Amino acid sequence: MKILSVTSEIFPLIKTGGLADVTGSLPKALKNYGALIRTLVPGYPLLLSAVHDKQQIYYFPDLFGAPAQLLEGRHEGLDLLILDAPALYNRAGGPYVDQDGKDFADNWKRFAVLSYVASAIAGGLLPDWRPDLVHTHDWQTALTSVYMRHSTNANHVPSVLTIHNLAFQGQFPTSVVSQIGLPLETLSTDCLEYYGYVSYLKGGIQTATAITTVSPTYAREIVSTDLGMGLDGALSARPGALTGIVNGIDMDVWNPATDPYLPEKYDYRRMRLRATNRKHLLDAFRLDHAVGPIFATVSRLTWQKGGDMLAEVAEEIAMVGGKLIVLGKGDEDIEVSLLATAGRYPGRIGVRIGYDEATAHLIHGGADVIIQPSRFEPCGLTQLYALRYGCVPVVSRTGGLSETIIDANDAAISARVATGFQFHPATAENLRLAVRRALQAYSDPKKWARLQNQGMKANFSWERSAEQYAALYAKLLPGFAYAPVERANAAE
Ligand code: ADP
C-alpha cells in the first residue's frame with residue numbers, strides 16, 4: 001500500500017506537540033505491515049536545512065501567486081516530500097506563529113496550499129509515484145479531501161483524516177474560499193460553512209473517506225455536546241466513518257536504557273541508577289537535594305492541559321515536602337502564576353518557560369511523578385513516556401488518559417495492575433486529592449516500586465495501533481491485504 005501522509009509537523013524535524021511524534025513514528029511502524037508512507041511537509045527553513053540530499057521532482061512556476069518546488073529527501077528513516085514554497089514558509093518563528101507568538105495572518109493560505117498540493121499528488125501529479133490512499137492530520141491538512149472531491153480528476157483515491165485535537169479547527173472568514181481555488185459550492189453547510197465562517201476541519205470531516213481520532217474514548221467523547229467543540233453534529237452524521245486508535249510511542253526515541261539525554265541510563269532492573277538523573281534534574285532547576293518526591297509537568301500551559309489547576313496546587317506540593325518542576329509554555333496568566341509561586345518557594349519549585357526536548361527527557365528520567373490534569377485529552381503522550389521511564393502519572397480521567405493509566409485503587413493494587421493515579425472530574429480540588437494519594441503511596445517504597453514496575457512493563461509500542469491503521473487502510477483499498485511483514489513472509 002502506497003500512502004501519502006500530509007502533515008504540518010513531524011518529529012524529529014519540526015515539533016510543537018504530539019502530532020509530530022505520531023507523524024514521525026507511525027511510518028516506521030507501518031512499514032512492518034506493508035504500508036509504505038511518504039510524508040508531505042511544508043519546507044520550513046529548519047526542515048530544509050536539516051534534510052540533506054534533496055532533489056527537485058516538480059516545479060510550480062505559479063503556485064497560488066508564487067513559484068514553488070516539490071523536493072524529495074530522506075531523513076532518519078522518513079521518506080519525505082517537501083513543499084518548498086518560500087512565499088509561504090520561509091520565515092522566522094514556529095510552524096504556525098511568528099517570533100512574538102502571534103498566528104501568521106495567512107495561515108489560511110499556507111495550509112490550504114499544502115492540502116492542494118497533496119490532492120494534486122493524489123490525483124497523479126508525479127509521474128513515478130501515485131499514492132493508493134491519502135492520510136491527513138488535523139485542520140492544517142484536512143482540506144486535502146475537499147480538494148480531492150472537487151478536482152476534475154475522476155480517479156479518486158480514498159482518504160483518512162486523523163483528528164489529534166478537535167479544539168483546533170482552522171476557522172477563517174468565508175472570503176478565503178475564492179482565494180484558495182475551491183468552488184463556491186464548498187461554502188455550503190454540508191462542507192466548509194461553519195456559523196458564518198469556514199472550518200477546514202469540518203470540511204475534512206465531511207469529505208474524508210474515514211475519520212480516526214487518537215483514542216477510542218476520545219472518539220466517543222467528541223460525538224457529545226460536552227467535548228464535541230461544536231463539531232459533534234458533523235461527526236455524529238458520519239457514525240460508521242469514525243474510529244479511535246490509541247497512539248503508540250517511539251520505543252527507540254523514548255527508551256531509558258539508551259536515551260542519550262540521560263546522564264545515567266537504566267531499566268526496570270536498575271532503578272537505583274535513576275538517582276543520578278534526579279541529581280542532575282534538581283541541579284538543572286536549582287532545587288535543593290532534600291528527600292521527597294519530585295512532581296513534574298512537561299506540557300503546553302493551557303486551560304486544556306489544566307495548567308491553572310497545577311498553579312493552584314503547586315504551593316501545597318512544596319508545603320508537604322515535595323518538589324515541583326514545570327517545563328512548558330502557553331497562556332501568560334498561567335505562566336505568571338507558576339513563576340510567582342516558584343518565587344515564593346526557592347529550592348522547591350522550579351519553572352522553566354520554554355520548549356526543550358533534552359530537558360523533557362531528563363525530567364522523565366529523574367522525576368517521580370508526572371502530573372497531567374487535562375480537561376480533555378485526545379490521547380496524551382507525556383503519560384506514556386512517563387510510564388516507560390518509571391515516572392508515575394497523576395492524570396485526570398478523560399480521553400486517552402483514562403484508558404492508558406490504571407488507577408491505583410485497592411483492587412488494582414492487589415491485582416498488580418495499577419500504574420498511576422486518576423481523578424475526576426478535572427478540578428483543582430480533585431487534583432489536590434490525587435497528589436495526596438500519590439504522596440501517601442510514595443511513602444511506602446515497596447508499593448511505589450511496584451507501581452513504577454507495572455508502568456514500565458506496560459506496552460505502548462506502535463505495534464498494535466499500527467496494525468489497526470493498516471487494517472483500516474486495507475478496508476478502504478479493496479484488493480490490498482495487510483499483514484505483519486514477518487507473517488506475510490512466513491506464509492509464502
Ligand atoms: P499535545 O500534543 O496536546 O501538546 P501530547 O501529550 O499529545 O500533548 O504531546 C505533547 C508532546 O510535546 C510530548 O512529546 C511532550 O514531551 C512534548 N512537549 C510538550 N511541552 C514540551 C516542552 N515545553 N518541552 C519539550 N517537550 C514538550
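In this text the structure is predicted, and so the values were computed from the model without any measurement. Whatever order the structure lists them in is the order used to number ligands and atoms, beginning at 1.
At least one N or O atom of D21, backbone or side chain, sits closer than 3.5 Å to an N or O atom of ligand 1. Here's the thing with D356: one of its N/O atoms is less than 3.5 angstrom from an N/O atom of ligand 1. Ligand 1 has no N or O atom lying under 3.5 Å from any N or O atom of A360, backbone or side chain. Looking at ligand 1, you'll find an N or O of R300 within less than 3.5 Å of one of its N or O atoms.
A heavy-atom distance below 4.5 Å is not found between the side chains of Y266 and T276.
Nearest protein heavy-atom neighbour of atom 6 (O) of ligand 1: L381 N, 2.9 Å. For atom 16 (O) of ligand 1, the closest heavy atom belonging to the protein is V298 CG1, 4.0 Å.
For G354, the heavy-atom gap to ligand 1 drops under 4.0 angstrom. For F11, the closest heavy-atom approach to ligand 1 does not fall below 4.0 Å. Residue K305 places a heavy atom under 4.0 Å from ligand 1. Judged by the shortest distance from any of its heavy atoms, G380 lies inside the 4.0 Å radius around the atoms of ligand 1.
By the 30° and 60° cut-offs, the orientation of the rings of Y473 relative to Y469 is tilted. Using the six-membered ring where Trp is involved, F376 and Y218 have ring planes that are parallel, under 30° apart on the 30 and 60° scheme.
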Under the salt bridge (Lys or Arg N to Asp or Glu O under 4.0 Å) criterion, do R270 and D267 qualify, and how do the steps go? CA-CA 5 Å; R270 295 176 298 162; D267 58 27; 3.6 Å; yes

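Aromatic pair W254/Y261: ring centres not closer than 6.0 Å. Ring centers of F168 and W139: at least 6.0 Å apart, outside the cut-off.
Note that R352 lies in the cation-pi zone of F285, set by a 6.0 Å cut-off to the ring centre and a 45° limit from the axis.
Within the 4.0 Å heavy-atom criterion, both parts of T382, backbone and side chain, lie near ligand 1. With a heavy-atom cut-off of 4.0 Å, S299 touches ligand 1 through its backbone alone. Only side-chain heavy atoms of K15 come within less than 4.0 Å of ligand 1; its backbone N, CA, C and O stay farther off.
In this structure, a donor-acceptor pair under 3.5 Å is absent between the side chains of T398 and E377.
Within the listing of ligand 1, atoms 23 (N) sit less than 4.0 angstrom from a heavy atom of G328.
Selection from Y355, F168, F376 by nearest heavy atom to atom 18 (N) of ligand 1 gives Y355. Comparing heavy-atom distances from atom 10 (C) of ligand 1 across G18, A386, G400 singles out G18 as nearest.
To the nearest 0.5 Å, atoms OH (Y389) and CG (N277) are separated by 10.0 Å. Rounding to the nearest 0.5 Å gives a distance of 9.0 Å between CZ of F421 and CG of L439.
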